[in-house]
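When a residue number appears, it is its place in the shown sequence, counting from 1.
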Amino acid sequence: MATLADRLDHLLGRKTADALAEAFGMTTVEDLLRHYPHRYATQGAELGDDQPPAGQHITIIARVESADVVPMKSRAGHRLAVRLRSDKHTIDVTFFNPHKVKHNIRPGVRAMFSGTVKYFRDKWSLTHPSYLVLPEVREDVLEPVPAPRVRGAGDLAGLARASQGGDGLDLSVFERSLIPMYRATRDVESWTVLRCVRQVLDQLDTVDDPLPEEVRSEHGLLGLDAALRAVHLPDSKEDVGSARERLRFDEAAAVQLVLARRRRDVGVRTAPGCPRRSGGIADEFDARLPFELTAGQLAVAEDIAADLSGSHPMNRLLQGEVGSGKTIVALRAMLQVIDAGHQCVLLAPTEVLAAQHARSLTGMLGDLAAAGELDGHEHATRVTLVTGSMGVARKRQALLDAVSGDAGIVIGTHALIQDNVQFADLGLVVIDEQHRFGVEQRDELRSRGRDGASPHVLVMTATPIPRTIAMTVLGDLEVSTLTELPRGRSPIVSRVVAAKVHPSWVDRAWERIREEVADGRQAYVVCSRIGEDDDGDEDAFDPAAIDAAAGGGGAGRGRAQIPETKSVLQQYEELSGGPLRDLRVGLLHGRLPGDEKDAVMRDFNDGRIDVLVCTTVVEVGVDVPNATVMVIVDADRFGVSQLHQLRGRVGRGGHQGLCLLVTDARPGAPSMARLEAVAATTDGFELAQLDLQLRREGDVLGVAQSGTATTLRLLSLVDDVEVIAAAQRFARQITEEDPELSRHPGLARMMDAALDAERVEYLEKS
């Protein structure tokens with residue numbers, strides 16, 4: 001007999017176990033049994049009354065009604081035209097190698113067919129499916145008549161061959177109402193996984209359940225033993241539903257146990273207490289503010305101030321709409337920390353944004369940022385910028401300011417994470433656009449506190465995060481949200497420009513820019529890539545994947561088939577020599593040297609450039625209040641959140657903003673529907689939910705940050721809000737009682753099994 005902890009090579013043999021380890025990283029019985037079927041083949045009667053959608057892969061069991069070799073109409077040769085009868089369905093099937101299959105596919109034969117649905121003249125059919133001839137079932141015996149050999153081709157025949165044992169061919173699996181189908185690789189196919197699962201389940205002892213009985217009863221969950229058996233070899237769709245419900249809770253609980261343990265670990269660390277101090281730089285800054293903070297800003301600031309005053313590290317996410325005033329909230333928090341005698345770091349994802357923050361904070365502080373200078377205020381500090389492209393002398397001085405403590409605020413990019421950047425007494429780390437940083441990078445700055453203390457951490461994002469994402473990925477963070485826009489901020493109007501349908505509308509877009517510039521305003525023109533030899537700038541985006549996820553025509557398209565897009569270099573040449581030739585047009589992209597990028601942004605900020613043709617380097621943080629128009633070229637090449645971020649760069653002053661989304665997409669296409677949804681609302685939280693529904697959940701979970709694909713197998717971040725919330729409550733209660741899970745070894749094992757080791761490590765560091 002076997003347990004979940006047993007090694008697969010002891011049960012399946014080394015050759016098979018090595019193949020499973022290579023393909024899926026499986027080494028134990030639990031690893032294998034947590035590799036759930038991704039779909040189930042059903043008999044034809046399960047098709048229902050509705051016709052299956054084109055492109056759907058289906059598996060049916062039916063009887064051959066007719067099978068005729070007929071000549072092909074469009075080219076030489078013959079095909080086997082087959083008509084199947086299954087319950088009330090009649091299905092047409094075509095084979096293009098009739099002489100190889102006609103001896104098996106004969107009238108009266110009962111067989112299983114698996115293939116992709118195709119439509120022709122409103123009628124669906126299967127073309128060259130895999131098939132397996134099934135034995136006849138006699139009513140006078142319980143078992144099917146044994147089949148002497150496999151008669152079929154393709155995947156189904158392979159599955160049958162994998163079922164062969166010492167007593168000959170075992171086709172009992174095909175008599176099941178639901179046949180599990182597994183995600184597979186070239187070397188380990190679905191039927192191999194099924195054979196291994198059946199072999200292991202035959203030897204498996206009753207599995208002890210790690211979930212307490214009261215938790216299972218409260219949520220109506222199956223025991224783990226029953227769930228694992230039912231998900232792999234169900235007798236009905238109800239069995240599948242009940243099993244998945246239990247295993248879905250396991251996944252949610254595994255994530256939440258990691259995060260709850262992480263939250264508790266943060267709580268037991270020490271941090272420098274930074275209580276408010278009257279008469280310091282923070283009070284002086286507040287007294288000079290030329291505007292009133294919103295009620296939302298004040299409420300969030302109170303929460304942050306209270307966190308900073310404590311002796312345990314703050315670990316807070318500040319999210320808010322584009323332009324909601326997160327930066328001013330963060331700056332006030334930094335000044336509170338400086339008043340307490342500590343330093344602050346502001347980490348930005350790009351040099352453009354880092355330089356923008358340095359200019360913006362220095363401008364807001366005025367003489368409060370001029371410590372050591374003749375005109376510096378008595379409470380002044382120093383703002384220092386550190387980037388990778390800085391000259392040697394400037395960088396040496398910046399590093400000296402950081403390590404000596406002369407700089408109260410150090411702003412930079414990834415360069416701040418290098419080993420040679422040291423701080424005198426780091427009290428607060430502010431991370432702007434936290435989703436743009438890897439976990440290890442963020443974790444590195446957390447270790448820079450003095451005398452073993454951990455600095456407080458405030459992460460900010462202008463990409464609103466749906467509740468399920470916040471609970472699943474950021475469950476160890478306290479979340480603060482800004483929803484109000486500052487007083488005087490005008491709404492942004494967005495319009496879709498269908499270039500293929502209305503070419504003249506593109507000309508009108510350039511005229512609209514000219515009109516705004518004539519009124520003293522400025523504009524952005526954003527492109528998806530830099531030149532002819534690349535697909536994008538800092539952020540790559542695959543519209544085919546999005547359209548496929550949305551159920552549209554993008555599925556299966558290769559990148560070479562994606563429509564041609566306009567590079568920023570092309571667009572700059574065309575505009576500066578064409579419709580905008582008498583305007584001052586600037587160029588900005590990620591490959592420009594750092595000093596040149598900074599100079600271009602300074603010129604645009606100071607009004608010496610009318611129109612900035614750029615890539616997504618302006619996506620976040622760039623603040624030019626005089627910019628009122630943005631034209632996004634090939635807008636279908638950008639994701640929902642990215643479009644929302646980009647258009648947030650306009651309308652930041654007292655004048656209304658206009659965003660024009662130019663696309664070659666046709667009306668009715670999924671990409672056009674996506675753009676119309678963005679144009680219809682400026683509610684970032686509504687768009688974030690749409691983004692979650694359209695994108696692969698692995699992307700939203702941060703594959704780019706963790707370096708691994710999502711390991712959520714059954715849990716849906718769109719549909720399973722209640723499951724995640726229940727798992728969160730359970731996990732927090734357990735870790736309060738048993739922080740190390742020493743009294744709950746089954747839960748610890750479940751946590752490791754439901755999430756792979758790399759994902760657990762990722763979440764523990766996030």
(message) So Val255 and Ile724, do their side chains get closer than 4.5 Å, heavy atoms only?
(response) no
(request) Report yes if some heavy atom in the side chain of Phe730 is under 4.5 Å from a heavy atom in the side chain of Leu747; otherwise report no. (result) yes
(message) Is it the case that the side chain of Asp738 and the backbone of Arg743 share a donor-acceptor pair, with hydrogens and angles ignored and the cut-off at 3.5 Å?
(response) yes
(request) Using atom types as modelled and distance alone, determine if a side-chain donor or acceptor of Arg647 lies under 3.5 Å from a backbone N or O of Cys659. (result) no
(request) Answer yes or no: is there a side-chain heavy-atom contact under 4.5 Å between Thr327 and Asp432? (result) no
(message) Would you say that Val430 contacts Met460 through its side chain, given a criterion of any heavy-atom pair below 4.5 Å between the two side chains?
(response) yes
(message) Ignoring hydrogens, what is the shortest heavy-atom contact between Ser309 and Arg276? Give both atom names and the distance.
(response) OG-N, 4.2 Å
(message) Could you measure the distance from the CD atom of Gln256 to the OG1 atom of Thr735? Nearest 0.5 Å is fine.
(response) 10.0 Å
(request) Decide, yes or no, whether a salt bridge links Arg732 with Glu736 under the criterion of side-chain N to carboxylate O below 4.0 Å. (result) no
(request) Check Ala333 against Leu308 and note the closest heavy-atom contact, atom names and distance. (result) O-CD1, 3.7 Å
(request) Decide yes or no on side-chain contact (heavy atoms from CB on, under 4.5 Å) for Thr616 and Gln645, but give the supporting numbers first. (result) CA-CA 10 Å; Thr616 55; Gln645 287 281 345; over 6 Å; no
(request) Identify whether the distance between the nearest side-chain nitrogen and carboxylate oxygen of Asp606 and Arg359 falls below 4.0 Å. (result) no
(request) Find the distance between CG (Leu289) and CD1 (Ile328) and round it off to the nearest 0.5 Å. (result) 5.0 Å
(message) Would Thr350 and Val617 count as a side-chain contact (heavy atoms from CB on, under 4.5 Å) here? Give the steps.
(response) CA-CA 7 Å; Thr350 67; Val617 291; 5.7 Å; no
(message) With side chain to side chain donor-acceptor pair (under 3.5 Å) as the test, pick out the partner of Gln522 among Thr628, Asn626, Asn605.
(response) Asn626
(message) Measuring from atom CG of Leu646 to atom CE of Met630, what distance do you get when rounded to the nearest 0.5 angstrom?
(response) 5.5 Å
(message) If you compare all heavy atoms of Val678 against all heavy atoms of Leu687, which two are closest, and at what distance to 0.1 Å?
(response) CA-CD2, 3.9 Å
(message) I'd like to know whether CZ of Arg394 has more than 12 heavy-atom contacts from other residues, nucleotides or ligands below 6.0 angstrom.
(response) no
(message) Rounded to the nearest 0.5 Å, what separates atom CG in Leu368 from atom CD in Glu284?
(response) 5.5 Å
(message) Less than 4.5 Å apart, side chain to side chain, heavy atoms only: is that true for Leu588 and Tyr524?
(response) no
(request) Would you tell me whether Arg216 and His219 have side-chain atoms, one donor and one acceptor, within less than 3.5 Å of each other? (result) no
(request) Check Val403 against Ala424 and note the closest heavy-atom contact, atom names and distance. (result) O-CB, 3.4 Å
(request) Please confirm whether the backbone N or O of Val410 pairs with a side-chain atom of Gln343, one donor and one acceptor, at under 3.5 Å? (result) no
(message) Using side-chain heavy atoms (C-beta onward) and a distance below 4.5 Å, is Ser311 in contact with Thr270?
(response) no
(message) Run the side-chain contact (heavy atoms from CB on, under 4.5 Å) test on Phe285 and Met364 for me, step by step, so that the C-alpha distance in whole Å, both residues' side-chain angles and the decisive distance to 0.1 Å come before the verdict.
(response) CA-CA 9 Å; Phe285 177 75; Met364 284 191 284; 4.2 Å; yes
(request) Could you grab the distance from atom CD1 of Ile281 to atom CG of Leu365, nearest 0.5 Å is fine? (result) 6.0 Å
(message) Return the CG to CD distance between Leu361 and Gln356, rounded to the nearest 0.5 Å.
(response) 10.0 Å
(message) Could you check whether any side-chain heavy atom of Leu335 comes within less than 4.5 Å of a side-chain heavy atom of Ile338, counting everything from C-beta outward?
(response) yes
(request) Indicate the atoms forming the closest heavy-atom contact of Ala398 with Met390, along with that distance. (result) CB-CE, 4.2 Å
(request) Begin with the C-alpha distance, continue with both residues' side-chain angles, and end with the deciding distance and a verdict on side-chain contact (heavy atoms from CB on, under 4.5 Å) for Lys597 and Met601. (result) CA-CA 6 Å; Lys597 283 189 287 190; Met601 275 309 305; 6.0 Å; no
(request) Compare all side-chain heavy atoms of Asp307 with those of His456 and state whether any distance is below 4.5 angstrom. (result) no
(request) Identify the two heavy atoms, one from Ala271 and one from Ser454, that lie closest to each other, and give their separation to 0.1 Å. (result) CB-O, 3.1 Å
